[in-house]
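All values below come from the heavy atoms of this structure, side chains included, with hydrogens, waters and symmetry mates left out. Start at 1 and go down the list; that is how both ligands and their atoms are numbered.
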Amino acid sequence: MCGIVGYIGNREAYPVIIKGLKRLEYRGYDSAGVVLYDGTGLKLAKTKGKVSDLEEKAAKEISTGGSIGIGHTRWATHGVPNDVNSHPHFSNSGNIAIVHNGIIENYEPLKKELKKRGYTFQSDTDTEVLANLIEDVKKKDNLKIGKAVQVALNQVVGAYAIAVFDKEKPDEIVCARLGSPLAIGVGKDEFFVASDASPFIEYTSNAIYLEDEEMAIISLGKPMKIRKIKDDSLVDPYIQELQINLEQIEKGGYDHFMLKEIYEQPNVITDTYRGRLHANEGLIKMAGIEDNLQKFLNAPRILIIACGTSWHAGLVAEYIFEEFARIPVEVEYASEFRYRNPIINENDVVIAISQSGETADTLAAIKLAKEHGAFVFGVCNVVGSSISRETHAGAYTHAGPEIGVASTKAFTTQITVLTLIALRLAQAKGTLSNSMFHRYLQELELIPEKVSEALETNDVAKAIADIYKDAPNCLYLGRGYNFPVALEGALKLKEISYIHAEGYPAAEMKHGPIALIDEQMPVVIIAPRQEHYDKIVSNIQEIKSRSGKIIAIVTRGDVQVKELADHVIEIPETTDALSPLITTIPLQLLSYHIAVMRGCNVDQPRNLAKSVTVE
Ligand code: M6R
């Protein structure tokens, strides 16, 4: 978590850094800070709160001139969010300033050692320890700042993306990464450093993504040098042309990124299957799958690892893979998998799902699976992300940047990719009849249109939100393919509205949760007309007879559930397996409106960050 931005060039650094930090606030937003160099000295402003609070403070406290600087927006790991713990941090001499995203795991012994050597500390952070460690090695061995950073990083255990500025070498910024992302924007006579490319997309479309254990010294008028931190070997900079544009990372007239991203789903689902789904020819073409088809077909099982919403997409995939391709699937939280000594066989195929491609637990689980010889396939959204590079092969979801902390379009595009894979495997294995295979292909092609129709439920969702916005609790129930959607609906509500919500398989109700039902309890039931329809009608009756308030997601034209439910949201019909792509839409809208009505910060919910790059 945390976002970092640095600038060196001929522009005013401050506005570039502030605008960039605002774009990175999805990574953390409990405190923010900036250090600028204007040719005379270092100007520091930092504060608990958002980047807008930093702007206010900086306007009062510092002159914001200068064309070099580094900034930070924080998601606290070590030390509570307050002014002192905010970044940038300085070394004791006040010469070295640093911004950091990640965790220095061995900061305590390092701090102890530095204290013995006379260093003092203002903050509770691991980052201040690194600032002083750099200063210490620099002084001890009379090193230049670049070398000092390298030597210090070789003593550090943990994860980092850092940008370091030394007043004694005021024409350069040193940056490095291990486990946390870092991109360098290469402009004409200017450089940018940032946690992702969004802070510099309007200035340059040339970017270098540092690999793990690489560092770069960027300075004006000199060629950039990238080195391996461990062995000092030089690396040829690989400059990529960025595919994202400014429009994609702005709100485009919507009040919130989350709403924009909900409404983008018809388009991005189309983008996800474009060039892959050929319904008329009865073909699915995915290079990552074709190149590794035998591995999938020979696999005794598929293991899916992910976190949060991506884990929910994995659960939907479990149902789809087993139904279509008859391959056993296990879905695991990456955070559990990595620490529980799992059985991983060489022939297993592991699918890692991640929107950001930076989730620390998923990354660690991938490394573990690889150590055991498994083939790992990534389903990521962010192109060039750590997970996309760490996996043996993969398929991008092509959802475009997802800025809202609550995942929406990531979920539906992940399901789209996973469905395509399952269908391709089913075709290769002959586990689906030809007619069913063709039917699914055609139905998948219609999904964007049906998602658009599902978005028309917005007003109904808003009216229901108004009735239940003050509920302290909420239950979400679904069966079969829509059980994971119930989990996802509950996660959406709790993370952005702070209402306690639980998702359950509808039939599990009577094994405990039914005790919670009374006239105060809203129960959202996903009840499209499909395989378990009669069963879910019975579940609704059980809730009704205990006076629970029922909000049902039903297929357009439904009669039976309509009679029982207090509210219905009608969605277009589709096949059972593809229904999560539709049923999830009104749940996203419902959560969104409840959160807005409760005055919550929808795009930046408390305590959360978009990419969880710490474990
Ligand atoms: O980037 P990832 O898909 O790996 O992120 C996983 C979770 O952190 C993420 O889905 C999280 O649960 C979202 N806030 C859910 O909306």
Among all protein heavy atoms in this structure, tell me which lies nearest to [atom], with the distance rounded to 0.1 Å.
atom                    : value
atom 16 (O) of ligand 1 : Glu495 OE2, 2.4 Å
atom 12 (O) of ligand 1 : Gly308 CA, 3.3 Å
atom 4 (O) of ligand 1  : Thr359 OG1, 2.4 Å
atom 1 (O) of ligand 1  : Ser356 OG, 2.6 Å
atom 8 (O) of ligand 1  : Val612 CG2, 3.9 Å
atom 9 (C) of ligand 1  : Thr309 N, 4.0 Å
atom 6 (C) of ligand 1  : Cys307 O, 3.3 Å

Can you confirm if the aromatic rings of [Y] and [X] lie within a centre distance of less than 6.0 Å?
X      : Y      : answer
His398 : Tyr273 : no
Phe377 : Phe296 : yes
Tyr160 : His100 : no
Tyr440 : Phe324 : yes
Tyr504 : Tyr476 : no

Task: Sidechain N-carboxylate O distance under 4.0 Å for Glu508, Arg479 - done: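 So Glu508 does not pair with Arg479 through a salt bridge.
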
Open item on the list: Regarding Arg177 and Glu213, does a basic nitrogen lie under 4.0 Å from an acidic carboxylate oxygen?
Closed with: no

Which atoms of ligand 1 have any heavy atom of [X] under 4.0 Å away?
X      : result
Ser407 : 15 (C), 16 (O)
Ser310 : 2 (P), 3 (O), 10 (O)
Ala406 : 16 (O)
Lys492 : 15 (C), 16 (O)

Task: Contact with ligand 1 for Glu358, non-hydrogen, under 4.0 angstrom - done: no

Open item on the list: Tell me whether Val405 reaches ligand 1 (any heavy atom closer than 4.0 angstrom to a ligand atom).
Closed with: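 So Val405 counts as touching ligand 1.
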
Open item on the list: Exactly one of Arg424, Lys295, Lys285 should register a salt bridge (charged side-chain N to carboxylate O under 4.0 Å, His left out) with Glu290. Which one does?
Closed with: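 When Arg424, Lys295, Lys285 are each tested with Glu290, the salt bridge (charged side-chain N to carboxylate O under 4.0 Å, His left out) holds only for Arg424.
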
TODO: Taking the six-membered ring of Tyr29 (Phe, Tyr or Trp), confirm whether the NZ or CZ of Arg74 is under 6.0 Å from its centre and within 45° of its axis.
DONE: no

- [ ] Using distance alone, determine whether Gln355 and ligand 1 share an N or O pair under 3.5 Å.
- [x] yes

